Amino acid sequence: MKNICNIIMIIFVSICICGCKSTKNRDVYRDINNINIEIVSTSELESGIYYTLDVINDSKELIKYVEIMLGYTITKEAKKDGMIGPIMFQGETVDNPIDLEPGEKKTFTVHVPTPLLKQDKINMDNIQIFIQGYFSEIKIENRFQKSGDIGLINENGKQ
């Protein structure tokens with residue numbers, strides 16, 4: 001009987017040791033809330049509006065393959081006409097792919113063309129931001145995204 005208990009104990013310990021996977025325990029939501037976006041400047045030209053955005057990584061994680069978009073919500077009239085919104089525009093930067101070290105800041109430019117601005121179907125007062133990327137390395141389980149009104153996207157008060 002004692003041998004059977006010892007064998008069961010050895011099997012149990014072996015399963016526990018072999019079955020445990022070392023994972024980095026991090027608070028993903030805290031990390032997401034420490035990625036901040038600031039609209040640094042807005043320039044209105046003949047070709048449209050140019051926004052300069054800073055993305056600041058105040059988290060403790062490396063962020064890989066950062067993508068950012070800026071856009072506007074659509075009006076109620078546009079929804080009645082069958083439009084789906086928001087209308088988004090891709091941010092551009094000189095670095096590709098875009099990685100952000102902890103504490104680092106990258107500047108993006110977004111161009112919104114003039115023909116769109118002349119439509120009465122977008123709400124120019126409601127700027128929407130969308131950001132996505134990966135924490136540490138490009139793996140599906142490390143993917144994050146954050147979106148919303150520019151006033152709400154920086155939950156820890158930065159703007």
Side-chain angles (χ1 to χ4, degrees), residues 14-43 47-76 78-117 119 121-159:
S14 297
I15 290 172
C16 287
I17 291 173
C18 295
C20 291
K21 181 180 177 184
S22 176
T23 59
K24 187 175 180 183
N25 187 14
R26 72 165 187 263
D27 185 351
V28 174
Y29 297 107
R30 185 192 73 232
D31 291 339
I32 290 171
N33 289 335
N34 285 318
I35 300 167
N36 297 294
I37 302 163
E38 298 176 8
I39 297 179
V40 178
S41 67
T42 304
S43 302
S47 62
I49 298 177
Y50 287 85
Y51 292 92
T52 303
L53 307 169
D54 281 346
V55 178
I56 304 128
N57 180 7
D58 286 331
S59 79
K60 294 180 180 168
E61 296 274 350
L62 168 69
I63 301 173
K64 304 283 288 177
Y65 204 76
V66 177
E67 292 181 281
I68 188 163
M69 297 180 85
L70 177 141
Y72 306 100
T73 57
I74 59 173
T75 62
K76 290 179 183 178
K79 289 178 185 175
K80 289 177 187 173
D81 292 343
M83 279 184 77
I84 300 172
I87 299 170
M88 303 298 282
F89 300 91
Q90 183 74 39
E92 297 176 4
T93 188
V94 293
D95 302 319
N96 258 336
I98 301 117
D99 295 345
L100 278 170
E101 296 287 337
E104 188 177 8
K105 171 175 72 173
K106 292 268 186 197
T107 301
F108 291 77
T109 303
V110 178
H111 174 236
V112 180
T114 300
L116 179 70
L117 299 173
Q119 295 183 17
K121 298 185 183 221
I122 61 170
N123 183 355
M124 296 291 294
D125 297 328
N126 192 356
I127 296 174
Q128 299 290 302
I129 299 288
F130 175 82
I131 185 169
Q132 68 181 3
Y134 299 86
F135 287 115
S136 299
E137 58 185 317
I138 300 174
K139 288 184 173 180
I140 193 69
E141 61 267 20
N142 295 343
R143 185 171 184 264
F144 74 87
Q145 60 183 354
K146 183 176 178 180
S147 63
D149 182 283
I150 189 65
L152 299 175
I153 196 122
N154 298 323
E155 292 180 9
N156 63 1
K158 282 193 173 182
Q159 268 195 43

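Residue numbers run from 1 in the order of the sequence given. All of these numbers come straight from a predicted model, not from anything done at the bench.
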Minimum side-chain heavy-atom gap I49-T42 below 4.5 Å: yes
Check side chain to side chain donor-acceptor pair (under 3.5 Å) between S43 and all other residues, then give those that pass, not counting sequence neighbours. none
Could you state the interatomic distance from CD1 (I39) to CD1 (I129), rounded to the nearest 0.5 Å? 5.0 Å
Going from CG on D54 to CD on E38, what distance comes out if it is rounded to the nearest 0.5 angstrom? 6.0 Å
With sequence neighbours excluded, what pairs up with Y51 under the side chain to side chain donor-acceptor pair (under 3.5 Å) test? Y72
N142 side chain to S136 side chain, donor-acceptor N/O pair below 3.5 angstrom: no
Across all chains, not counting sequence neighbours, the side-chain contact (heavy atoms from CB on, under 4.5 Å) partners of E67 are Y65, Q90, Q132
Under 4.5 Å between any side-chain heavy atoms of I35 and I56, yes or no? no
Ring centroids only, cut at 6.0 angstrom: are F144 and F135 within range, meaning strictly under it? yes
Identify whether the distance between the nearest side-chain nitrogen and carboxylate oxygen of E104 and K106 falls below 4.0 Å. yes
Shortest non-hydrogen pair, P102 vs S59, comes out as CB-O, 3.4 Å
For N126 and Q128, test the side chains for any donor-to-acceptor distance below 3.5 angstrom and give the result as yes or no. yes
Using side-chain heavy atoms (C-beta onward) and a distance below 4.5 Å, is V40 in contact with L53? no
Given I37 and I68, is the side-chain contact (heavy atoms from CB on, under 4.5 Å) satisfied, shown in steps? CA-CA 9 Å; I37 302 163; I68 188 163; 3.9 Å; yes
Quick one: does K139's side chain get under 4.5 Å of Y134's, heavy atoms only? no
Taking side-chain contact (heavy atoms from CB on, under 4.5 Å) as the test, write out the residues that go with T109, two or more places apart. Y50
Specify the closest pair of heavy atoms between K105 and L100, including all atoms of both residues, with the distance to one decimal. C-CD2, 4.0 Å
Between I131, I98, L70, T52, which is the residue that forms a side-chain contact (heavy atoms from CB on, under 4.5 Å) with F108? I98
